[in-house]
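First the structure, in the form of structure tokens, and then the observations on it.
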Protein chains: 2
Amino acid sequence: MKLSTRGRYGLKAMFDLALNFGEGPISLTSIAERQAISVNYLEQLISPLRKANLVESVRGAQGGYMLAKSPENITVGVILTTLEGPLAPTDCVVVDGDDEVCDHSSYCVTKVIYEKIYESITSVVNSITLQHMIDDYHSNQESMIITSICECK
Amino acid sequence: MKLSTRGRYGLKAMFDLALNFGEGPISLTSIAERQAISVNYLEQLISPLRKANLVESVRGAQGGYMLAKSPENITVGVILTTLEGPLAPTDCVVVDGDDEVCDHSSYCVTKVIYEKIYESITSVVNSITLQHMIDDYHSNQESMIITSICECK
DNA sequence: TTAATCCCTAGTCAATTACTAAGAAATCAG
DNA sequence: CTGATTTCTTAGTAATTGACTAGGGATTAA
């Protein structure tokens, strides 16, 4: 039930972009340095975020990335699901339409539980935006050691 | 963010034991058959459940397992955490006391989010007992195909 | 005594994770 | 125009984890 580095690093990167929102393209190199992530790896994470229209890219020298929307319009939920897939405890709760993972899917006592877990997770992450994180960051900034955020390994 | 087979199979097995609560020891072989799980594998899952005092065992022929408490006193949460460890999206939210996973742990914008996720998950699973599952099962039994429950792979 | 059962440990195979590496394409500055 | 900078893409790889299989010892009812 752990988040992988994809989601964690991706969220860190998006938060970094949010802090620099409106200041033109930010290079991956600078994000990678601030957040202590490998550039090559970060490139692989930013790619799906771009394809999901969460960030825009500017190629070439002095290029970089910027949020495609304002921070209050990007939720933690959409970031994490873009990078990790559905935040569900089982596959059976996210079957889309035809293909049933369950044989006897009419009713399942455990599936009900997994659905409740799924709903509670999505409810939390969908209610938090990057703007919330920025506000949180600014109101607690004095108690932070550095600009960066926790590894949360 | 997926549950492994350990948690899913373990919950199935515990539900099976709950359905047979008060009827003496139930053999792993019979549980394994009903729930379509390998006996050898199930043995490895029941072991931690026994050490956590959730089930009691009777050795020898006609032996088996039974719940150590009544179904309303065993939550889904304790079963899943026994088999999967803490249902947390990151390790940093479950550090116990001294050993800090975070360097700059004074405040962390992402940790706050992971803590909220953790809390919402534990809140759900700790509120559901095996008795709830039994009640749910009985009130929907007619719409179930077989006695067993969904694979939820 | 035998069959059934719990109990424990070791090994194995496949998939996933977390990267590293490298090179092509685009673009800005000089 | 050229070169440095940056995005973009794909391939490879090492370590870990997951999901078992296998086998043998201990215990006990019949």
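This one's a predicted model, so the numbers in the text were calculated from it and none came from an experiment. Reminder, nothing fancy here: chain letters follow the sequence lines and each chain counts from 1.
A close approach under 4.0 Å does not occur between any side-chain nitrogen or oxygen of Tyr9(B) and OP1 or OP2 of dA19(D). The side chain of Ser4(A) contributes no N or O atom lying less than 4.0 Å from OP1 or OP2 of dT16(C). The phosphate of dT5(D) (OP1 or OP2) has no side-chain N or O of Ser27(A) nearer than 4.0 angstrom. A close approach under 4.0 Å does not occur between any side-chain nitrogen or oxygen of Thr5(B) and OP1 or OP2 of dG18(D). Between Tyr65(A) and dC8(D) there is a side-chain N or O to OP1 or OP2 distance below 4.0 Å. Considering only side-chain N and O atoms, Arg50(A) lies under 4.0 angstrom from the phosphate OP1 or OP2 of dC8(D). The phosphate of dT20(C) (OP1 or OP2) has a side-chain N or O of Ser38(A) nearer than 4.0 angstrom.
Between Arg8(A) atom CZ and dC19(C) atom P there is a gap of 9 Å when expressed in whole angstrom units. Taking atom CD on Glu84(A) and atom P on dT17(C), their separation rounds to 8 Å, with Å as the unit. Rounded to whole angstrom, the span from the CD1 atom of Ile37(B) across to the P atom of dG18(D) amounts to 17 Å. Atom CG of Asn40(A) is separated from atom P of dA22(C) by 10 Å (rounded to the nearest Å). Distance, Met1(B) CE to dT16(C) P: 18 Å, rounded to whole Å. Remark: P of dG18(D) and NZ of Lys2(A) are 10 Å apart, rounded to the nearest angstrom. Summarising the geometry, the separation between NZ on Lys51(A) and C1' on dT7(D) is reported as 12 Å, rounded to the nearest angstrom. The CG atom of Leu42(A) sits 12 Å away from the C1' atom of dT7(D) (whole-angstrom rounding).
At distances below 3.5 Å, at least one donor-acceptor pair connects side-chain atoms of Asn126(B) with backbone N or O atoms of Thr122(B).
A continuous path of ILVMFWY side-chain contacts below 4.5 Å connects Leu17(B) to Tyr41(B), so both sit in one hydrophobic cluster. Residues Leu130(A) and Ile128(A) are members of one and the same hydrophobic cluster, defined by side-chain heavy-atom contacts under 4.5 angstrom among Ile, Leu, Val, Met, Phe, Trp and Tyr. When hydrophobic clusters are built by joining Ile, Leu, Val, Met, Phe, Trp and Tyr residues whose side-chain heavy atoms come closer than 4.5 Å, directly or via intermediates, Ile31(B) is not grouped with Val58(B).
Residue contacts for Leu28(B): at a heavy-atom cut-off of 4.0 Å it reaches the sugar-phosphate backbone alone, with no base atom in range.
Within the 4.5 Å cutoff, the side chain of Met14(A) has heavy atoms near those of the Leu54(A) side chain.
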Distances under 3.5 Å between nitrogen or oxygen atoms of protein and nucleotides 11-17 of chain D:
residue : atom : partner  : partner atom : Å
dA11(D) : N6   : Gln44(A) : NE2          : 3.3

Pick out the pairs of N or O atoms, protein on one side and nucleotides 25-30 of chain C on the other, that lie under 3.5 Å.
residue : atom : partner  : partner atom : Å
dA25(C) : N3   : Arg59(A) : NH2          : 3.3
dT27(C) : O2   : Ala61(A) : N            : 3.3

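Side-chain contact of Thr90(A) with Tyr118(A): a donor-acceptor pair under 3.5 Å is absent, judged by distance alone. For the residue pair Gln131(B) and Ser70(B), no side-chain donor N or O sits within less than 3.5 Å of a side-chain acceptor on the partner.
Within the structure, side chain to side chain donor-acceptor pair (under 3.5 Å) pairs that include any residue of residues 52-68 of chain A do not occur (at least two apart or interchain).
Around the NZ atom of Lys116(B), the shell of radius 6.0 Å holds no more than 12 heavy atoms that belong to other residues, nucleotides or ligands.
Contact of Glu43(B) with dC7(C) (side chain to base): a donor-acceptor pair of N or O atoms is detected under 3.5 Å.
In summary, of the residues considered (Val76(A), Leu3(A), Leu11(A)), a side chain to side chain contact (heavy atoms under 4.5 Å, CB included) with Thr110(B) occurs for Leu11(A) alone.
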